[in-house]
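Scroll down for the structure; my scribbles are underneath it.
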Amino acid sequence: MLPDLRPPAPRTGDDPRGVVVLGSTGSIGCQALEVAALFPDKLRVVALAAGTRWEQLADQARAVRPRLAVIADESKYPNLKDALAGTGVEVQAGAEAVRLLGAVDADVVVAAIVGAAGLAPTLEAVRAGRTVALANKESLVVAGALVEAAAVQSGAVVVPVDSEHSALFQCLIGEPADAVERLVLTASGGPFRQRDGATFAAITPDEAVAHPNWSMGAKISVDSATMMNKGLEVIEARWLFGVPAERIDVVVHPESVVHSVVEFVDGSSKAQVGPPDMKVPIQVALSFPDRWPAAHPRLDWSTAGPLTFEAADRDRFPCLDLAYAALRTGGSAPAALNAANEVAVARFLAGDISFPDIPRLVEAGMAAASTHADTLGALLDVDREARRLARASPHFA
Ligand code: NAD
Ligand code: MG
């Protein structure tokens, strides 16, 4: 794991890299399959996993013919099994089967399940020494220290897919760790960057999931609207790059062209730029340490500007400071933050609470945190308790 940017062990022969896609029916999972389809000689999809959408998973499996297709929702097993009869694709179901996919025989595991549900298979892949193309930021938020320790032990390389962290990763290649002064994560500011905070209670789920620059799953879209996404990304960066919270900054950059910046001790900075398109960081992760030619959109520098930057408004978007506070507290505080946030986002999407209730529920859930939970079991206990508190909280608006 970074900042020790070890390339994966040299590959022997010209076999395609075997790829597992966890969360294949989601926004990142589908785009990972699109990237894999561009490179049939270099990438072979060997296993797919999804939550409940068995029809889409069956379509994907018929198209790419993996060895295995796993559906987390066991009640959908007969449907998926019937749909894939005669294809030669082995069908499994359940959370344990999803977890074990982390360690199937493969080169790269794309971790693109949403939420803390992605932790177990991600940890399994890291323990098995796989290269992990990590989109599931929540696994580092919940258990960053455990994932890091497992990577050190197994030699697994975690290559970020999150666009900001892919940018930082690319800027850090070839740089000694002690040359890094500060990481600056850019944030679009989300759909409510310019909205009067006095009207936040009237925000609807449809307004919150309509992101100005990116088309993403519902949960991360709401996280972008509250700026909890950026808070989770600060915690993700701390574990990916070993840089403490006080040396990680956030700046709002509405155009989403500068994907993040590394400042070095000599006053020089490097940024990674490009049009907002997740297929680029996905491909960077799947091809690392190589780069493969592809026709993804290029930036047209004659029309790219103006590029603007502004401070984040921490009053209208309190989730950002809640995440910094959880990171400073350490222990299981980030796990509690994440769990309560997952419940709060689900309740908001269900119309059960208002938009300003989201940070309130997160604060309520953070009462579950303890400063010394350092085993997976202890972290999962905190996750459960934070969810209970966030579910039990009345809405405040
Ligand atoms: P999504 O909601 O579109 O897809 C989530 C996927 O996870 C689906 O395939 C779903 O079936 C699967 N899933 C859900 N619960 C599961 C379970 N218990 N077991 C197995 N599979 C399960 O989400 P997304 O937008 O693709 O985001 C996925 C992850 O990537 C998130 O952690 C998100 O923060 C991160 N990410 C996404 C983007 C983006 O552009 N979408 C960018 C950066 C990071
Ligand atoms: Mg991001």
Side-chain angles (χ1 to χ4, degrees), residues 95 111 113-123 134-150 162 185 217-220 222-240 244-246 248 250 314 317-350 352-396:
I113 292 174
V114 61
L119 171 60
T122 301
L123 198 54
L134 184 78
N136 176 239
K137 63 193 80 183
E138 294 91 346
S139 55
L140 286 183
V141 174
V142 176
L146 293 184
V147 175
E148 184 190 40
D162 215 345
L185 293 166
K219 193 263 180 180
I220 185 177
V222 176
D223 285 347
S224 298
T226 61
M227 291 198 74
M228 179 60 94
N229 182 51
K230 213 47 54 180
L232 300 178
E233 291 186 354
V234 168
I235 302 173
E236 180 184 14
R238 185 262 169 267
W239 293 110
L240 282 169
E246 53 277 17
I248 306 175
V250 168
R314 303 177 109 95
F317 301 102
C319 286
L320 189 54
D321 281 338
L322 289 176
Y324 268 103
L327 182 55
R328 288 200 190 90
T329 303
S332 60
L337 170 98
N338 177 71
N341 182 58
E342 287 188 27
V343 171
V345 170
R347 287 185 64 181
F348 169 71
L349 286 171
D352 185 26
I353 61 166
S354 75
F355 189 80
D357 285 338
I358 295 174
R360 297 175 186 141
L361 257 65
V362 170
E363 272 198 275
M366 285 183 71
S370 74
T371 49
H372 57 270
D374 51 5
T375 64
L376 188 57
L379 290 169
L380 295 180
D381 284 347
V382 168
D383 174 290
R384 261 189 300 276
E385 176 62 6
R387 282 173 205 269
R388 193 189 65 74
L389 291 173
R391 278 195 199 101
S393 279
H395 52 87
F396 304 81

Original post:
To the nearest 0.5 Å, what is the distance between OG (S332) and CG (D383)?
Top reply: 10.0 Å
Subject >> L349 CG to I358 CD1 distance, which is reported to the nearest 0.5 Å >> reply: 7.5 Å
Original post:
Hey, is the main chain of A390 close enough, under 3.5 Å, to the side chain of R347 for a donor-acceptor pair?
Top reply: yes
**OP:** Take I235 and N338 through the test side-chain contact (heavy atoms from CB on, under 4.5 Å) and record every step on the way to the result.
**Re:** CA-CA 11 Å; I235 302 173; N338 177 71; over 6 Å; no
Subject >> Residue pair A364 / L389: nearest heavy atoms and the distance that separates them >> reply: O-CD1, 3.6 Å
Subject >> Steps toward side-chain contact (heavy atoms from CB on, under 4.5 Å) verdict (T226, F355) >> reply: CA-CA 8 Å; T226 61; F355 189 80; 3.6 Å; yes
Original post:
How long is the gap from CG on L134 to CG on D162, to the nearest 0.5 Å?
Top reply: 8.0 Å
Subject >> Spacing of CG belonging to L232 relative to CG belonging to L140, to within rounding of 0.5 Å >> reply: 11.0 Å
**OP:** Go through the steps to decide whether K230 and E233 satisfy the test salt bridge (charged side-chain N to carboxylate O under 4.0 Å, His left out), and finish with yes or no.
**Re:** CA-CA 5 Å; K230 213 47 54 180; E233 291 186 354; 2.6 Å; yes
Original post:
Within the distance-only criterion (no hydrogens, no angle test), does the side chain of E342 pair as donor or acceptor with the backbone N or O of G115 below 3.5 angstrom?
Top reply: no
**OP:** Identify the two heavy atoms, one from V362 and one from A340, that lie closest to each other, and give their separation to 0.1 Å.
**Re:** CA-CB, 3.8 Å
Subject >> Worked verdict on K137 versus N229 for side-chain contact (heavy atoms from CB on, under 4.5 Å) >> reply: CA-CA 9 Å; K137 63 193 80 183; N229 182 51; 2.6 Å; yes
Subject >> Side-chain donor or acceptor of R387 paired with backbone N/O of V343 under 3.5 Å >> reply: no
Subject >> Smallest separation among heavy atoms of A117 and P121, with atom names >> reply: O-CD, 3.6 Å
Original post:
How close do M228 and A323 get, heavy atom to heavy atom, and via which atoms?
Top reply: SD-CB, 4.4 Å
**OP:** Test E138 against V114 for side-chain contact (heavy atoms from CB on, under 4.5 Å), laying out the working first.
**Re:** CA-CA 8 Å; E138 294 91 346; V114 61; 4.1 Å; yes
**OP:** For G231 and L320, work out which heavy atoms get closest and say how close.
**Re:** N-CD1, 3.7 Å
Original post:
Under the 3.5 angstrom rule, does the side chain of D381 hit a backbone N or O of A378 as a donor-acceptor pair?
Top reply: no
Original post:
Do any pairs count as a salt bridge (Lys or Arg N to Asp or Glu O under 4.0 Å) and have a residue in residues 317-341, sequence neighbours left out, and if so which ones?
Top reply: R314-D321
Original post:
To the nearest 0.5 Å, how far apart are OG1 in T375 and CG in L146?
Top reply: 7.5 Å
Original post:
How long is the span from the NZ atom in K219 to the CG atom in N341, to the nearest 0.5 Å?
Top reply: 5.0 Å
Subject >> 4.5 Å side-chain heavy-atom contact, W239 and V147 >> reply: no
Subject >> Taking every non-hydrogen atom, the tightest pair across V234 and I248 >> reply: O-CD1, 3.6 Å
